[in-house]
Amino acid sequence: MKRISIRLGLTLLILVALAWGVERFSDANRYQLFGKIIAKVHTEDKVIALTFDDGPTDEATPEVLKILADRGVIATFFVNGIAVERHPDAMRAIIAAGHEVGNHTWSHRRMMLVSPSAVRKELEPTDAILRDVGYEGPLHFRPPYGRKLFSLPLHLAREDRLTVMWSVAAETFQPDQTAEDIARRVLAQAGPGDIVMLHLMFRGNANSRAALPVIIDDLSARGYRFVTVSDLLSYR
Ligand SMILES: [Zn+2]
């Protein structure tokens, strides 16, 4: 009886450790089971890729595009197909301004334990609608919540498609994070070859939008140039 309960306890312990390991592994920024993944580029050149997740939205897109245009900055927008369907004009404005666009799934679902057909349903219509609204550039992929485990990386590897993570996350998603906090956090971490991730598209992202010009102006003053993810890859 005692031996059984020890064995049961050990089994439970191993299962908990495994579940924890899978959970940690699924959002690793530099590793996945299949295919190519990137979180930053190792270079001494002062280049940084700004990447913006989610949306587009009609509310935030004009403000974000103006901040970038006023400073001659090009960025990469990882968008959701469902938002492109709802806000096609915002998407066209991003494309017309010359920014890079990436696939961030159709509905922003967690892509950890999903079937191969669910992966296709999230990725393929998103690619299709981006082509429909006129985007012709490369379409890298960023997983929502940074989550990927098996079927998603396998699908991306088969398509020889790059998973783009990040090396600097601007937001902590703590409610008390001010615009100054966000700018300070990015400016303390960002260096040559970094991929910076910001969330700008929703009403709750006003502090991030306010931080964006501060981040750009400070890094520009320090000699940094902003490039798309695809351009950053050429610095490898
Ligand atoms: Zn997202």
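Worth saying up front: this structure is predicted, and the values here are computed from it rather than measured. Counting starts at 1 for both ligands and their atoms, in listed order.
Counting only protein atoms, the N, O or S atoms lying less than 2.8 Å from the Zn ion (ligand 1) are Asp54 OD1, His104 NE2, His108 NE2, ordered by chain and residue number.
For the ring-ring contact (aromatic ring centres under 6.0 Å, His included) with Phe77, the qualifying choice from His87, His140, His99 is His99, the only one to do so. Looking at Asp53, Thr105, Asn103 one by one, the single match for side-chain hydrogen bond (donor to acceptor under 3.5 Å, both in side chains) with Arg142 turns out to be Asp53.
A salt bridge does not link Asp181 to Arg185: none of the charged nitrogens lies less than 4.0 Å from a carboxylate oxygen. Electrostatic pairing of Asp127 and Arg161 counts as a salt bridge here, judged by a charged N lying under 4.0 Å from a carboxylate O. One finds a salt bridge joining Asp160 and Lys36 here, because a Lys/Arg side-chain nitrogen approaches an Asp/Glu carboxylate oxygen to under 4.0 Å.
Val186 and Ile74 end up in different hydrophobic clusters when Ile, Leu, Val, Met, Phe, Trp and Tyr side chains are linked at under 4.5 Å.
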